[in-house]
Participant: 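Take a look at the following structure, please.
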Amino acid sequence: GFPDPFDALGPDGFSDAAGEPVPLAAMEDWYVLYALMPGRMEKARRIEAWWGSAGRLDKGRLERAAEGELPERVRAEVRRILGN
C-alpha cells in the first residue's frame, strides 16, 4: 500500500479561519493528489506554476511522496519537477 505522507500542517494540523476546524495539507501533497485524479492535471500544473512564482517548493516533502506507490506517469512528473 501507499504510506500516508499526507500529514496536516499548522501547530495542531487545523486552521480555524472559517470559524471551525479545517484540516490543512501541504501544496506538495495536493500536487500529488491532483496528479492522481483523472482530469485534474491542470490543477496540478497550477500548483507547479505557483511554486515557480513563489519559490516555495518543499523538495523533501515531494521526494517523500514520490517514494510511495505512485503510477509511473505521476512519478515521472515528480522527477521532472525535482530535476532528476
Side-chain angles (χ1 to χ4, degrees):
F2 187 74
D4 187 7
F6 303 112
D7 55 6
L9 299 178
D12 58 2
F14 291 86
S15 167
D16 62 358
E20 59 185 69
V22 176
L24 303 175
M27 294 301 282
E28 293 76 10
D29 299 346
W30 279 112
Y31 177 86
V32 172
L33 290 170
Y34 280 133
L36 288 168
M37 294 178 201
R40 293 298 184 105
M41 200 60 203
E42 179 57 35
K43 290 223 181 226
R45 296 272 185 252
R46 286 189 206 161
I47 292 171
E48 188 177 345
W50 179 79
W51 286 328
S53 65
R56 295 184 180 173
L57 171 63
D58 182 342
K59 287 188 174 189
R61 189 174 191 96
L62 197 57
E63 287 169 350
R64 285 191 302 278
E67 291 170 2
E69 294 180 25
L70 295 175
E72 185 53 37
R73 67 177 176 74
V74 175
R75 190 180 311 282
E77 290 290 336
V78 170
R79 281 194 301 255
R80 179 185 58 75
I81 291 168
L82 294 173
N84 49 4

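Fair warning: this is a prediction, and the values are worked out from it, not measured in the lab.
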Participant: Nearest 0.5 Å, please: how far is CD1 in Ile47 from CG in Asp29?
Facilitator: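 With rounding to 0.5 Å, CG (Asp29) is 9.5 Å from CD1 (Ile47).
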
Participant: Does the side chain to side chain contact (heavy atoms under 4.5 Å, CB included) test come out yes or no for Tyr34 and Met41, once each step is laid out?
Facilitator: CA-CA 6 Å; Tyr34 280 133; Met41 200 60 203; over 6 Å; no

Participant: Within the 4.5 Å heavy-atom criterion, are Arg45 and Trp50 side-chain neighbours or not?
Facilitator: no

Participant: Test Glu77 against every option in Arg75, Arg80, Arg79 by the side chain to side chain donor-acceptor pair (under 3.5 Å) rule and name the one that passes.
Facilitator: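 Single pass found, and it is Arg80.
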
Participant: Grab the two heavy atoms, one from Leu62 and one from Glu28, that are nearest each other, plus how far apart they are.
Facilitator: CD1-O, 4.0 Å

Participant: Nearest 0.5 angstrom please: Glu48 CD to Tyr31 OH, how far?
Facilitator: 5.0 Å

Participant: How many angstroms lie between atom CG of Asp58 and atom CE of Met27, to the nearest 0.5 angstrom?
Facilitator: 12.5 Å

Participant: Looking only at heavy atoms, what is the nearest atom pair of Ala35 and Val74, with distance?
Facilitator: O-CG2, 3.7 Å

Participant: Suppose we screen for side-chain contact (heavy atoms from CB on, under 4.5 Å). Which residues come up paired with Glu42, at least two apart in sequence or across chains?
Facilitator: Arg46

Participant: Identify the two heavy atoms, one from Ala65 and one from Leu70, that lie closest to each other, and give their separation to 0.1 Å.
Facilitator: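 Shortest heavy-atom contact: O-CD1, 3.6 Å.
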
